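So you know, we letter chains A, B, ... as the sequences are listed, proteins then strands, and number each from 1. Computed over heavy atoms, backbone and side chain alike; hydrogens, waters and symmetry mates excluded. None of these values were measured; they are calculated from a predicted model.
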Number of protein chains: 2
Amino acid sequence: MTFAEPAAETCAGERDCKHGRSTNGCDDCKVRLFSVCGALEPAELDELDRLSQVKNFPAKAMLFDQGALAGSVFNVTEGIVRLYKSLPDGRRQIVGFALPGDFLGLALMDRYGVAAEAVTPVRVCRFSRAQFLSYVDGKPHLLRRLHEFAGHELSLAQDQMLLLGRRTADEKVAAFLLNLQARYGRIGAMSVNVPLPMSRQDIADYLGLTIETVSRTLTKLTKEKTVLVVPDGVRLLSTDRLDQLAAA
Amino acid sequence: MTFAEPAAETCAGERDCKHGRSTNGCDDCKVRLFSVCGALEPAELDELDRLSQVKNFPAKAMLFDQGALAGSVFNVTEGIVRLYKSLPDGRRQIVGFALPGDFLGLALMDRYGVAAEAVTPVRVCRFSRAQFLSYVDGKPHLLRRLHEFAGHELSLAQDQMLLLGRRTADEKVAAFLLNLQARYGRIGAMSVNVPLPMSRQDIADYLGLTIETVSRTLTKLTKEKTVLVVPDGVRLLSTDRLDQLAAA
DNA sequence: GTTCGGCATTGATATGGGTCAAAGCGTCCA
DNA sequence: TGGACGCTTTGACCCATATCAATGCCGAAC
């Protein structure tokens, strides 16, 4: 079983973005589809695109560190980025994975609140924060949209708090798989084949578990024919069962 | 030992807000000091104040339910509000406590992402979402400020994710007490006497623990002379020790 | 003042998930 | 082609926290 590169077949023009061209790294159009672009006119999108600069990071490269001065805003074009906070003794909590189309640093604060590290090789397009700010400042409609978007992010963070504080290991893993499936679905074709490019340690640090528990839970789900663990990912055999476990 | 009502001695004019009068429910000035008011001129603040409407809720009253249409924006003037998400089987995660000065519904989304319930009797000033939106829409500087504020909220949520996913019971309780102390400090005088108007169940649901564990942890901290449990609150005897436990 | 009801505390016990340790298993490179 | 390294899985055991069950405490109602 192979997984489609999630970034491979998407074009912003085919979705809710007015930018009528492929945005996946083609020469004249670097920014990828994103949730706020519906607020922009094609001309505005072109302008935004002109501000951007494509940048590549190998796996494990830091995009930025927690607490660092926030000099850039990034739009992930390809690959996966982990966002995390750490404790001095090394304990780590991954607060999210950024997939193609996601923005980093959109809070537009002085300093980054989390660290960002490439899980896979990553392509981003980068904006200088200053330029992005001045671009945004003249566009109240975009600002409104960004704010709404921030509210959505907050809501997701609160869901994750519920998951971390009140769910069992089984429920956590089930919710994670379904959530990832849904997110891949938004940037490619919805499929029962869910790539897991991140390590077990990453998954554990995202769900507040240990690698061993993640591994055991996956084999347990495999034994009950709910999922099938394959190289680099998971095939969801019974989304019903997963839904039941993850029950809202 | 008694606790000062945290709301009693604050005046926005003494802080970073340009509104040079007491904002604690006096007749001509209902809105309480809040983090975005620095972005507003006195005249704008007056206008905002004119839009508002004072409202009281008894303890345990719902201000709004999760998923309900977001008709209002609230500014808490007095009392404490718990914000939470629940699972169908009743498990609950409190995602935050709103203290005097805090806003509810500032994400300005269509629906509330969490439920809000009065812990103590609560006074708020209410804005209709529509009015608040149109008030805000003409003020890009305020919108920027609101967005920054949302970013800060997100950062707090991420801290809480780290706490829920990776900290022990002791660390959770220590961090909670220090955090609460700091927040009271912002609306009144910083004190080692930290009122705990919320129940142990609330604290447990905030920290991802059970009441018993919260209780045991507090008695453990009491035995080691780190805190002193008193009626309706806690006295912090060794913030050093608590800092050490909560170590960022 | 007494009783009642709702929380909080404490104790005894159970268990989900953590820890420690040892195999497995790919994959990359010599 | 093989060996070594890194990641994952599996197993055995343990412990932090949950669960279950009293008991204690305090404020409200009468």
Requested in this report: Calculate, to the nearest 0.5 Å, the distance between atoms OG1 and NZ belonging to T219(B) and K223(B) respectively.
Outcome: 5.0 Å

Query - Residue whose nearest DNA chain D nucleotide is more 5′ - R166(A) or T219(A) - result: T219(A)

Requested in this report: For DNA chain D, determine which residues of residues 201-214 of chain A have any heavy atom closer than 4.0 angstrom to one of its atoms, and list them numerically.
Outcome: E212(A)

Report task. Determine, using ring centers only, whether Y206(B) and F176(B) are less than 6.0 Å apart. Result -> yes

Report task. Using salt bridge (Lys or Arg N to Asp or Glu O under 4.0 Å) as the criterion, list what pairs up with D159(A), not counting sequence neighbours. Result -> K85(B)

Requested in this report: Specify the separation, in whole Å, of atom CG of L196(A) and atom P of dT8(D).
Outcome: 10 Å

Requested in this report: Can you tell me the distance, in whole Å, between the CZ atom of R216(B) and the C1' atom of dT23(D)?
Outcome: 14 Å

Query - Distance (rounded to the nearest 0.5 Å) between L180(B) CG and I203(B) CD1 - result: 8.0 Å

**Report entry** Qualifying residues under side-chain hydrogen bond (donor to acceptor under 3.5 Å, both in side chains), relative to D89(A), sequence neighbours excluded
**Finding:** R91(A)

Query raised in the report: Hey, where on DNA chain C does chain B first and last touch, going 5' to 3'? Cut-off is any atom under 4.0 Å from a heavy atom.
Result: dA8(C) to dA12(C)

Query - Residue pairs passing the salt bridge (Lys or Arg N to Asp or Glu O under 4.0 Å) test where at least one lies in residues 204-213 of chain A, sequence neighbours excluded - result: R92(A)-D205(A), D205(A)-R166(B)

Report summary line: When rounded to whole Å, the CG to C1' distance for the pair D232(B) and dC25(D) reads 13 Å

Query - Any residue meeting ring-ring contact (aromatic ring centres under 6.0 Å, His included) with F57(A), in chain and number order, not counting sequence neighbours - result: none

Query raised in the report: In Å and rounded to the nearest 0.5 Å, what is the CZ to CE distance from F97(B) to M198(B)?
Result: 4.5 Å

